[in-house]
There are 2 protein chains.
Amino acid sequence: MKLSNGVEWALHCCVSLSQSSAPVPAARLAQLHGIPPAYLAKHLQALSRAGIVRSTPGPVGGYAFTRPPEQISALEVVQAIDGAQAAFRCTEIRRNGPLAVSPEACVKKCAIARAMAAADTAWRAALSTITVADLGRSIDADSSGTALHDVRHWLSGPG
Amino acid sequence: MKLSNGVEWALHCCVSLSQSSAPVPAARLAQLHGIPPAYLAKHLQALSRAGIVRSTPGPVGGYAFTRPPEQISALEVVQAIDGAQAAFRCTEIRRNGPLAVSPEACVKKCAIARAMAAADTAWRAALSTITVADLGRSIDADSSGTALHDVRHWLSGPG
DNA sequence: GGGGCGCTACTCGGATACTGTATGTCCGAGTCGCAGCGG
DNA sequence: CCGCTGCGACTCGGACATACAGTATCCGAGTAGCGCCCC
């Protein structure tokens with residue numbers, strides 16, 4: 001099991017975006033984080049499709065939030081990039097082999113799928129309690145309150 | 001993010017193994033679940049390397065538990081197949097770009113990595129509370145108490 | 001008849017191809033700002 | 001001097017290659033049981 005690399009990029013970009021009221025181009029976000037611009041654009045498109053950010057074309061365009069960062073959970077960002085489906089997918093092997101379970105008895109998910117689903121729910125619940133604004137505050141605290149200011153200043157500077 | 005298919009196979013095989021005191025060959029487990037024998041063998045090797053099962057070569061050989069199923073958690077099985085490392089891996093992009101964080105300030109994991117690690121811990125905690133014996137009991141309850149008996153009987157039957 | 005030995009069949013284990021997803025890149029469609037021109 | 005128009009540059013968006021991990025398979029090494037032969 002491996003989480004797409006774009007998840008990390010998207011979360012960092014969301015924190016950066018929360019520091020700018022004006023739209024920020026994908027290339028500028030990529031430059032800020034030192035990552036491939038074209039590939040980051042692909043992931044930002046996913047955020048756009050998920051309704052987390054809104055894209056604006058044209059010279060002063062870019063990406064901006066559709067809502068305040070307090071209303072955007074880390075779970076939303078992760079699901080936008082990685083998909084909402086659970087990591088574990090039951091292929092119903094209980095219906096195979098000499099002791100196959102009858103289809104009528106399979107209306108209920110099998111115990112193994114239930115256990116994995118419960119773990120998945122716990123994972124998503126943990127992510128849903130954290131907002132982009134929380135992440136920004138934590139990062140700011142780690143840097144003694146300079147990180148967010150620097151980002152804000154850099155984003156407002158010359159392109 | 002996608003969990004290997006072998007996780008499902010391994011969990012089902014563990015429940016089946018818990019019903020046999022004698023070693024069970026990989027081919028027989030594959031037949032019971034209707035899955036590719038050669039590929040299942042690969043995953044059983046992983047369980048063996050993790051110390052969950054013990055392999056015995058020879059005509060009456062096969063795989064058997066090293067401990068009672070009450071002492072084997074679903075987390076152990078999942079980690080044996082999928083690896084113990086977390087799904088999210090921080091690539092430290094905060095150290096890139098024009099606002100790179102100094103290496104001395106990176107002794108602490110960044111807030112985003114901490115958030116993802118917390119979610120991962122919740123996921124693993126949920127899995128660690130469930131044992132192979134629990135899974136067997138749940139499956140048995142779903143089938144009104146016939147499933148485990150059938151497996152036990154089938155495994156003791158002719159090969 | 002009993003013990004030793006060789007053979008056979010069965011098991012696991014790792015090395016070897018193949019497929020699908022994640023990664024990375026590119027170019028085209030659309031849009032806004034700005035400069036130039038006319039009134 | 002003001003408004004309109006055309007151009008240009010910049011933006012996103014999806015379509016196109018590549019690398020790696022999961023999937024699937026095979027054959028060789030090792031072991032235990034069984035039958036046979038010898039004593």
How many whole angstroms separate atom CG of A:L3 from atom P of D:dG22?
13 Å
Would you indicate whether A:R89, at its atom CZ, is surrounded by more than 12 heavy atoms from other residues, nucleotides or ligands within a distance under 6.0 Å?
yes
Please classify the nucleic acid contact of B:A41 as base, sugar-phosphate, or nothing, using heavy-atom distances under 4.0 Å.
nothing
Please determine if B:D140 and B:R137 form a salt bridge, counting it only when a charged side-chain N lies under 4.0 Å from a carboxylate O.
no
Euclidean distance, atom CD1 of residue B:I81 to atom P of D:dA21 [Å, nearest integer]
18 Å
Between atom CG in B:L44 and atom C1' in C:dG14, what is the gap in whole Å?
15 Å
Is the distance from OP1 or OP2 of D:dC12 to the nearest side-chain N or O of A:T56 less than 4.0 Å?
no
At 4.0 Å (heavy atoms only), tell me whether B:A26 reaches a base, stays on the sugar-phosphate, or touches nothing.
sugar-phosphate
For C:dT11, take OP1 and OP2 only and decide whether either is under 4.0 Å from a side-chain N or O of B:R54.
no
Identify whether the distance between the nearest side-chain nitrogen and carboxylate oxygen of A:D142 and B:R114 falls below 4.0 Å.
yes
Taking atom P of D:dT23 as reference, at what distance in whole Å does atom CD of B:E8 sit?
11 Å
Distance check: side-chain N/O of A:S4 vs OP1/OP2 of C:dT23, anything under 4.0 Å?
yes
5'-most contact on DNA chain D (nearest-nucleotide basis), A:P59 vs A:K42, goes to A:P59
Hey, is the side chain of B:Y39 poking within less than 4.0 Å of OP1 or OP2 on D:dT25, counting only N and O atoms?
no
Taking the side chain of A:V60 as heavy atoms from C-beta outward, which of C:dG33, D:dC26, D:dG22 is closest to it?
C:dG33
Integer-rounded Å distance: C:dC12 P and B:H43 NE2:
15 Å
Here the distance between atom P of D:dT23 and atom CG of B:D82, to the nearest Å, is 9 Å
Would you say a side-chain N or O of A:S48 is under 4.0 Å from OP1 or OP2 of D:dG13?
yes
Can you tell me the distance, in whole Å, between the NZ atom of B:K2 and the P atom of C:dT19?
16 Å
Will you find, in the side chains of A:T91 and B:E8, an N or O donor that is under 3.5 Å from an N or O acceptor?
yes
Closest approach to the side chain of B:P25, judged atom by atom: which nucleotide of D:dC12, C:dC12, D:dT25 is it?
C:dC12
In whole angstroms, the gap separating P of C:dT23 from CG of A:N5 amounts to 6 Å
Are any of B:Q45's side-chain N or O atoms less than 4.0 Å away from OP1 or OP2 of C:dG14?
yes
Check the side chains of A:S4 and A:H43 for a donor-acceptor pair under 3.5 angstrom, ignoring hydrogens and angles.
no
